[in-house]
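Remember, it's a predicted structure, so these values are computed and weren't measured experimentally. The sequence lines fix the lettering, A, B, ..., with proteins before strands; numbering per chain opens at 1.
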There are 2 protein chains.
Amino acid sequence: MKIFEYPDKPELKRILQRPLFNTDNLYTTVKSIINTVKQDGDTAILELTRKFDKIRLNGLKAEASVIDESENSISPELKKAIEVASENIMKFHKSQIAEPEKVETMPGIQCWQKSVAIEKVGLYIPGGTAPLLSTVLMLAIPAKLAGCKEIILCTPPDKNGNINPAILYAAKTSGVTSVFRCGGAQAIAGIAYGTESIPKVDKIFGPGNQYVTCAKQIVSSKGIAIDMPAGPSEVLILADETANPDFIAADLLSQAEHGEDSQVIMVSNCKNILQKTLSCIKKQLDVLPRKSIAQESLKSGALILIKDYNEMIDISNEYAPEHLIISTNNYMELTGKITNAGSVFLGNYTPESLGDYASGTNHTLPTNGYARSYSGLNMDAFYKKITFQESTPQGLKNIGPYVELMAETEQLDAHKNAVSIRLKDIKYGNQN
Amino acid sequence: MKIFEYPDKPELKRILQRPLFNTDNLYTTVKSIINTVKQDGDTAILELTRKFDKIRLNGLKAEASVIDESENSISPELKKAIEVASENIMKFHKSQIAEPEKVETMPGIQCWQKSVAIEKVGLYIPGGTAPLLSTVLMLAIPAKLAGCKEIILCTPPDKNGNINPAILYAAKTSGVTSVFRCGGAQAIAGIAYGTESIPKVDKIFGPGNQYVTCAKQIVSSKGIAIDMPAGPSEVLILADETANPDFIAADLLSQAEHGEDSQVIMVSNCKNILQKTLSCIKKQLDVLPRKSIAQESLKSGALILIKDYNEMIDISNEYAPEHLIISTNNYMELTGKITNAGSVFLGNYTPESLGDYASGTNHTLPTNGYARSYSGLNMDAFYKKITFQESTPQGLKNIGPYVELMAETEQLDAHKNAVSIRLKDIKYGNQN
């Protein structure tokens with residue numbers, strides 16, 4: 001990782017280039033997994049689990065007793081942390097629920113919108129050595145809050161065929177209705193199309209490796225809704241001379257430890273802070289358990305010296321970071337100028353970790369520049385917003401002639417006639 | 001079109017089967033068009049326009065003078081209709097704008113969400129003999145209302161290289177910032193990737209033929225946002241003995257005239273109404289200019305006799321119609337039970353045409369059963385919702401230990417350290 005001083009536009013573009021994230025090369029493999037699952041259901045998933053997860057399972061569904069017992073494997077402290085995080089996530093997501101009022105757009109024409117929960121949602125939680133319990137909370141709590149009737153969770157089993165009790169406990173407390181021991185593209189295919197034991201869901205949420213990402217992409221091109229496109233995680237930090245280099249170094253490293261393809265960028269108008277941050281990174285890196293991953297990620301990272309706050313904001317909006325930390329004296333002023341970002345962390349005492357776990361905001365966020373057009377996960381993602389309208393005979397008299405003319409202009413006479421036939425009835429007929 | 005009496009579940013499933021809408025066979029052709037446009041920009045689009053639209057253009061962008069002059073080709077009556085429809089669309093979409101309050105999830109932890117307009121949006125308006133001016137209003141008005149800075153419209157030119165003045169006039173009055181004379185997959189590629197004259201947009205909206213749909217699908221798999229997946233248009237009508245067969249016939253036909261693959265379904269607990277509707281259809285069909293299209297569509301349509309209101313609702317929610325008309329005595333009661341639908345039209349005096357043109361609701365709606373997981377177009381589609389959070393030192397002290405423990409559980413020590421390093425500083429350091 002090095003400091004780039006006052007890069008010109010082309011150099012800046014090169015520095016901010018994201019690592020390529022392309023799953024095209026997996027397409028054939030993943031497509032074939034999906035087709036196998038569509039055809040053979042549970043049998044296919046069990047066989048693929050034997051092959052990829054190295055475990056022969058008897059069934060995919062986690063038994064209620066196993067989920068209940070998970071509680072006994074969790075420390076009271078972790079339970080309390082999960083409780084606090086859940087309450088905050090609940091509070092923040094609840095604040096997003098608002099039903100607009102009915103609108104009388106013209107006399108006699110009432111229009112309204114109603115949010116109705118998506119009935120069945122599927123949540124994917126990646127496996128690995130550590131249990132990603134925070135992601136369970138981030139996906140299941142808003143689903144439950146929206147009123148989704150079935151909340152299905154899939155996660156790969158470990159080599160003994162078990163699911164980490166922290167995952168099971170988080171699932172239980174946050175409203176998941178059933179848990180399945182399966183992972184990878186086969187799990188996505190399972191919830192997308194349904195099997196003997198796994199219900200077909202209406203929308204799929206959650207992160208995953210490249211196979212999972214590719215599978216989500218494929219099923220989404222067939223009309224099955226997914227949360228958002230995926231890419232490597234990233235953070236951009238804007239800092240001036242009031243920032244704390246030790247804090248920034250810690251934030252950059254917390255992003256870098258995610259994966260070798262994570263991107264970490266710092267932009268500052270203060271050379272001193274950039275230099276100090278660089279040496280803090282070196283110092284902090286040495287004691288990290290995930291040092292080698294972070295080190296690899298830092299290779300594509302950058303510390304960028306720029307002229308002023310305006311340039312900071314321009315770079316940030318152009319880059320459209322998943323996570324944006326603003327550690328400047330005037331952070332509230334800069335906040336108003338942010339147009340593209342997933343989630344923004346303000347001041348010196350708001351590390352990204354707060355939002356990753358417990359402050360209440362969602363940690364499922366648009367990466368790879370998708371923040372230009374996608375929102376982070378929020379309550380909208382768990383609802384369909386259905387519109388309703390009701391016209392009185394008088395309302396139809398008021399609006400009808402305009403509709404008739406527009407339909408005529410579009411040469412859609414049957415559209416026009418659906419109005420005309422009613423207007424005639426109102427004039428000569430026996431409506432109330 | 002015929003009446004099915006009390007079909008059993010398998011028969012019902014067969015009747016409600018949607019026409020296959022698969023653009024896989026176009027993939028290679030469309031992919032190659034996209035690649036050509038990515039590589040050769042305007043030159044490629046001009047050449048493809050010559051080939052497909054049979055016109056040799058000098059440039060793609062519609063001149064400001066041409067747009068201004070469109071006003072002179074529009075009748076005062078149509079202007080008035082556009083004005084009324086625009087006001088209603090504006091009113092209804094404005095009612096959807098609501099920013100949630102800041103939430104203090106824990107003492108010292110403030111979280112909030114802010115809607116920021118997507119900066120550049122691209123609107124596609126299909127060509128053909130009639131100008132689809134209503135679609136211009138449905139896409140451009142909410143974009144303008146959200147605050148999108150660039151609103152780009154693409155539509156194919158006619159054989160003389162012109163765009164219908166009604167399209168231009170609607171574009172001008174609803175806030176479109178530039179108009180390009182191009183259509184088909186090449187237009188989608190143009191706005192998705194940008195050319196010398198066409199700006200690259202962040203999100204693409206609008207209907208189109210199978211080439212356009214396929215192109216939207218392809219660019220969306222590359223992370224360019226689109227409004228929603230597309231399929232043939234459809235209506236489901238629920239009716240009891242209080243419905244008016246002439247009105248229902250007109251509504252069914254207004255859907256049927258859209259295209260040969262449009263699906264029209266009526267479900268009723270009253271055989272008499274079904275029989276009368278069938279004869280009204282025959283009568284009304286004869287005088288329709290688009291009779292042959294409607295006739296073809298009706299072949300896959302169905303009039304279904306069922307037992308009671310519960311069955312009506314079950315069928316409707318299972319089918320998840322794009323348009324749902326409820327012409328029953330108890331329509332308000334049934335409305336509360338609707339879980340899957342795009343837009344719902346209530347009572348005997350609310351034809352679908354109102355929502356298609358002028359009542360205020362959006363006519364861009366999920367087809368093909370996508371209403372199970374997708375909303376019709378609404379203000380959400382034109383915003384990113386960005387989350388913000390700010391913690392005071394005391395806030396960090398309150399939440400920090402929980403975050404540390406959760407990060408530790410997930411074996412993400414750098415995430416933990418980003419909190420710990422600040423907590424240490426608060427305890428021993430010199431923060432304010």
Side chain, backbone, both or neither: which part of A/Lys102 has a heavy atom under 4.5 Å from chain B? side chain

A/Thr387-B/Thr361 side chain donor-acceptor pair, cut-off 3.5 Å: no

Between B/Asp356 and chain A, which part of the residue has a heavy atom less than 4.5 Å away: side chain, backbone, both or neither? side chain

Cut-off 4.5 Å, heavy atoms of chain B, and the answer for A/Leu137 is side chain

Bottom line for A/Ala371: the part with an atom under 4.5 Å from chain B's heavy atoms is backbone

When the 4.5 angstrom heavy-atom criterion is applied to A/Leu354 and chain B, the contacting part is both

Let me know if A/Glu83 has heavy atoms under 4.5 Å from chain B in its side chain, its backbone, both or neither. neither

Taking B/Lys291 first and then A/Asp413, would you say they form a salt bridge - that is, a charged N and a carboxylate O separated by under 4.0 Å? no

What one should report as the nearest heavy-atom pair of B/Thr409 and A/Ala130 is O-CB, 4.0 Å

So, A/Ser134 and B/Glu410: side-chain donor and acceptor under 3.5 Å apart, yes or no? yes

Please classify the contact between A/Ile109 and chain B as side chain, backbone, both or neither, with a heavy-atom cut-off of under 4.5 Å. side chain

Heavy-atom cut-off 4.5 Å, strictly under: side chain, backbone, both or neither for B/Thr335 against chain A? both

Is A/Leu412 in contact with chain B via its backbone, its side chain, both, or neither, using a 4.5 Å heavy-atom distance? both

Given that the side chain runs from C-beta out, which part of B/Phe345 has a heavy atom under 4.5 Å from chain A: side chain, backbone, both or neither? both

Bottom line for A/Val344: the part with an atom under 4.5 Å from chain B's heavy atoms is both

Heavy-atom proximity to chain B below 4.5 Å, by part of A/Asn244: side chain

So, the part of A/Arg290 with a heavy atom under 4.5 Å from chain B: the answer is side chain

Less than 4.5 Å to any heavy atom of chain B: does that hold for the side chain of A/Ala407, its backbone, both, or neither? both

Heavy-atom distances under 4.5 Å only: say whether A/Met332 touches chain B with side chain, backbone, both or neither. side chain

Atom of B/Arg422, atom of A/Asp251 and distance for their closest heavy-atom approach: NH2-OD2, 2.6 Å

By a 4.5 Å heavy-atom criterion (distance strictly below it), what part of A/Tyr331 contacts chain B: side chain, backbone, both, or neither? side chain

Output yes when a side-chain donor or acceptor of A/Thr105 lies under 3.5 Å from a complementary backbone atom of B/Ser359, and no otherwise. yes

Measure distances from B/Lys114 to the heavy atoms of chain A and classify the residue's part below 4.5 Å as side chain, backbone, both or neither. side chain

Check whether A/Lys222 gets within reach of chain B through its side chain, its backbone, both or neither, counting any heavy atom under 4.5 Å. both

Under 4.5 Å to a heavy atom of chain A? For B/Gln110 that would be neither

